[in-house]
Amino acid sequence: TETDPVAVTVGLESISQSEFNIYPNPVLDAFNIKTEQEIIHVALVDATGRTIILENKTGVGYDVSSISSGLYTLIVTTNSGVFQSKITRM
């Protein structure tokens with residue numbers, strides 16, 4: 001299942017939900033982002049406001065196996081704007 005994303009504007013235009021596919025969600029070890037946009041930056045923000053920067057590992061996706069289980073805010077920055085969604089780490 002996927003959670004309902006929320007778009008935000010942070011100095012750039014917000015990007016619509018239809019332009020992104022985040023899967024799987026909930027995630028166990030890694031997730032993928034499918035988009036036509038060029039991804040510049042991906043980060044997770046936990047409930048305490050701590051930001052975790054993620055890098056895309058070829059063939060694996062965005063590895064979250066080393067972070068604690070819980071609900072995170074996913075922030076994806078592209079050349080076109082910023083996309084925000086919720087993601088659950090199992």
Quick one: pull up [atom1] in [X] and [atom2] in [Y] and give me the separation to the nearest 0.5 Å.
{"X": "I52", "Y": "L74", "atom1": "CD1", "atom2": "CG", "result": "11.0 Å"}
{"X": "D46", "Y": "T51", "atom1": "CG", "atom2": "OG1", "result": "8.0 Å"}
{"X": "D63", "Y": "F31", "atom1": "CG", "atom2": "CZ", "result": "9.5 Å"}
{"X": "R89", "Y": "L44", "atom1": "CZ", "atom2": "CG", "result": "10.5 Å"}
{"X": "L71", "Y": "T88", "atom1": "CG", "atom2": "OG1", "result": "5.0 Å"}
{"X": "K86", "Y": "Y72", "atom1": "NZ", "atom2": "OH", "result": "12.5 Å"}

Compare all side-chain heavy atoms of F83 with those of I22 and state whether any distance is below 4.5 angstrom.
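The answer is yes; the side chains approach within 4.5 Å.
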Report yes if some heavy atom in the side chain of Y23 is under 4.5 Å from a heavy atom in the side chain of K34; otherwise report no.
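Touching, per the 4.5 Å side-chain cut-off.
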Do I40 and V82 sit in one hydrophobic cluster, given that two such residues count as connected whenever their side-chain heavy atoms are within less than 4.5 Å of each other, even indirectly?
no
S69 side-chain N/O to M90 backbone N/O, donor-acceptor pair under 3.5 Å
yes
Between Q37 and S80, is there a side-chain donor-acceptor contact under 3.5 Å, judged purely by atom types and distance?
yes
Mind checking what makes side-chain contact (heavy atoms from CB on, under 4.5 Å) contact with N56, not counting sequence neighbours?
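Per chain and number, N56 pairs via side-chain contact (heavy atoms from CB on, under 4.5 Å) with Y62.
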Please lay out, stage by stage, how I87 and V27 fare under the test side-chain contact (heavy atoms from CB on, under 4.5 Å).
CA-CA 8 Å; I87 192 164; V27 58; 4.2 Å; yes
Do you know which of I75, V64, I33, V76 makes side chain to side chain contact (heavy atoms under 4.5 Å, CB included) with L54?
V64
For residues P24 and A30, report the shortest heavy-atom separation together with the two atoms involved.
CD-O, 3.7 Å
